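Presented below is the structure to which this report refers.
A quick note: this is a predicted structure, and the numbers were derived from the prediction, not measured. Along the sequence shown, residues carry numbers from 1. Indexing begins at 1, ligand by ligand and atom by atom, following the structure's order.
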Amino acid sequence: MRALTPPTIRAAFRGQLGGFALDAAFTVPATGITGLFGPSGCGKSSVLRCLAGLQHLPGSSCEVGGEVWQDDTTFLKPHHRPIGYVFQEASLFQHLSVKANLLYGAPRESGKAHADAVEFDEVIELLGLAKLLARSPRNLSGGERQRVAIGRALLSQPKLLLMDEPLSALDRLTKDEILPFLERLHARLSLPVIYVSHDITEIERLADHLVLMQSGKVLAVGPLTELQSDPKLPLAIARDAAVNFDAEVESYDADYGLVRLQIDGGRLLVPSAPVATGEFRRVRIAASDVSLARELPQASSILNAIAARIVITSPVGANEMLVVLALGREGHGGRLLARLSRRSWDLLQLAEGVDVYAQIKGVALAPGRDGHV
Ligand SMILES: Nc1ncnc2c1ncn2[C@@H]1O[C@H](COP(=O)(O)OP(=O)(O)OP(=O)(O)O)[C@@H](O)[C@H]1O
């Protein structure tokens, strides 16, 4: 019997856009959020436009969940592609109420809905739209407008959601307000999302997989944490390099206000408001917050020291080392980055293959589905 292969999104877009050469090919799972990340002008929006069928580059191909949208003989027109599209600026119909806007693209006959169809009430709840339904889009805040635009895209019952810098027109505070809504969508809906951003914070909070782009080309594709911890890629050598883990809540210590989290290869204690056992939270650990010790530190105010093995090292400039660690005594767990001075590296006589303890000075915990840390 042939094993069932998980559905994928396969794309290869090649061609000339004015003076810009696009040559982007990638395959990612048709589940979760795929971040399309890279500097301004590298071709992210062009890839999204090709996926949507708004840009036709002959000789290119695209297949989503086993359905061919483009190949040498096929080119589905945009309105025949089951996609939702959310742009940087929400373009809502000013003369319609929020509710009418939400229902605008929704299929009329219930028979058309597919098995994973999202319900109106679910979208309202997930995006916190109940109080806005009767309002006019004219007097909504930027963040509210964007939530309505996302709701409208979801209710069109797409099989793929394309989001092009959906938060970039919003200020930092409003972004922080919307991110938990996106995290809730991510946790509750099975719809695959391609999420374009040049803001690494959004990618770190939301993406499961990553397509890294540069100058019209794909630099790397893979799970977010793999690309974050690859010293050959720009993410790992950036000053603010970090890795993310999806951590499961093991217990909560109300006396000290600390949550105990299970990550791949170890446990973390992190200050937090009460949180239920079994919930998942995404954590971020910056390379600059990790130091290394040969022995388990006995007297230290640092809450977290995890056994790990040095797997890759790479000099950064003349006096620093970037160290990739694999968590766990045998080094079978997730990857963590540490940034050390070359002096510490030499003093501790560190090398690839050496077992160490990673002391973690700070862990950022993303807010949960309720928006609270
Ligand atoms: N139809 C077109 N005709 C001519 N040039 C185009 C066309 N579409 C895109 N380009 C050019 O291709 C390049 C990549 O643009 P694109 O918008 O895809 O980049 P991006 O990574 O999304 O950038 P940003 O983050 O700034 O939105 C730009 O130089 C743009 O001017």
Side-chain angles (χ1 to χ4, degrees), residues 9-28 33-64 69-70 75-79 81 83-91 142-143 145-146 149-150 153 158 160-172 174-176 178-179 182 192-222 224 227-228 230 233-241:
I9 298 167
R10 293 201 291 133
F13 300 120
R14 297 194 175 93
Q16 207 60 33
L17 296 165
F20 181 77
L22 185 68
D23 182 2
F26 58 86
T27 300
V28 289
I33 299 183
T34 295
L36 207 52
F37 179 73
S40 182
C42 70
K44 306 180 294 293
S45 299
S46 301
V47 167
L48 228 53
R49 288 172 57 76
C50 289
L51 276 167
L54 296 168
Q55 182 80 55
H56 184 186
L57 289 177
S60 298
S61 62
C62 151
E63 192 184 301
V64 177
W69 291 2
Q70 181 176 357
F75 183 79
L76 285 195
K77 294 250 166 55
H79 58 277
R81 300 189 184 203
I83 52 162
Y85 212 135
V86 178
F87 298 92
Q88 193 172 334
E89 306 263 2
S91 57
R145 288 170 64 81
Q146 205 53 317
I150 295 166
L160 176 64
L161 183 62
L162 304 175
M163 303 183 92
D164 194 353
E165 304 266 12
L167 306 186
S168 68
L170 307 173
D171 58 62
R172 188 77 253 164
T174 317
K175 268 189 194 189
D176 289 345
I178 293 205
L179 274 165
L182 297 180
V193 179
I194 308 264
Y195 189 101
V196 164
S197 180
H198 62 262
D199 181 349
I200 191 64
T201 356
E202 290 170 35
I203 297 288
E204 285 177 347
R205 287 273 293 269
L206 297 170
D208 304 299
H209 324 287
L210 196 56
V211 177
L212 267 185
M213 288 192 65
Q214 200 172 60
S215 312
K217 292 193 164 61
V218 171
L219 207 56
V221 188
L224 172 70
L227 271 51
Q228 282 177 316
D230 184 342
L233 297 174
L235 291 178
I237 51 177
R239 248 301 122 216
D240 57 353

Any non-hydrogen protein atom below 4.0 Å of atom 31 (O) of ligand 1?
no
among protein heavy atoms, the one nearest atom 25 (O) of ligand 1 is Lys44 NZ, 3.0 Å
Taking only non-hydrogen atoms of Gly18 and a 4.0 Å limit, the atoms of ligand 1 in range are 3 (N), 4 (C)
Look up atom 4 (C) of ligand 1 and tell me if a protein heavy atom lies less than 4.0 Å from it?
yes
Test your reading of the model: is there a side-chain donor-acceptor pair from Asp23 to the backbone of Lys217, 3.5 Å cut-off?
no
What I'd like to find out is whether the side chain of Thr34 reaches to under 4.5 Å of the side chain of Val221, using heavy atoms alone.
no
Can you find a heavy atom in the side chain of Thr201 that is under 4.5 Å from one in the side chain of Arg172?
yes
Taking C-beta and beyond as the side chain, do Pro192 and Val64 meet within less than 4.5 Å on heavy atoms?
no
For a 4.5 angstrom cut-off between non-hydrogen side-chain atoms, does Leu167 reach Tyr195?
yes
Proximal candidate to atom 17 (O) of ligand 1 [heavy atom criterion; set Gly43, Ser197, Ser45]
Ser45
Does the side chain of Arg49 reach to within under 4.5 Å of the side chain of Asp164, using non-hydrogen atoms?
no
Quick one: nearest non-hydrogen protein atom to atom 26 (O) of ligand 1, plus distance?
Ser40 OG, 2.5 Å
Select one of side chain, backbone, both or neither to describe which atoms of Glu165 lie under 4.0 Å from any atom of ligand 1, heavy atoms only.
side chain
Numbered atoms of ligand 1 (with element) below 4.0 Å of Ser46, judged on heavy atoms
9 (C), 15 (O), 16 (P), 18 (O)
Quick one: does Phe20 get an N or O within less than 3.5 Å of an N or O on ligand 1?
no
Quick test: of every protein heavy atom, which one is nearest to atom 1 (N) of ligand 1, and how far off is it to 0.1 Å?
Gln55 OE1, 3.8 Å
Below 4.0 angstrom, N of the basic side chain to O of the carboxylate: do Arg205 and Asp199 qualify?
no
For atom 23 (O) of ligand 1, what is the nearest protein heavy atom, given as residue, atom name and distance?
Gly41 N, 2.8 Å
Looking only at protein heavy atoms, which one is nearest to atom 10 (N) of ligand 1, and what is the separation?
Leu17 CB, 4.2 Å
Min side-chain heavy-atom separation Gln146-Pro166 under 4.5 Å:
yes
Using a strict cut-off of 4.0 Å, indicate which atoms of ligand 1 neighbour a heavy atom of Pro39.
21 (O)
Between Ser60 and Arg14 (side chain of the first, backbone of the second, donor and acceptor by atom type, cut-off under 3.5 Å), is there such a pair?
yes
At a 4.0 Å cut-off, with the gap strictly under it, does some heavy atom of Met213 reach an atom of ligand 1?
no
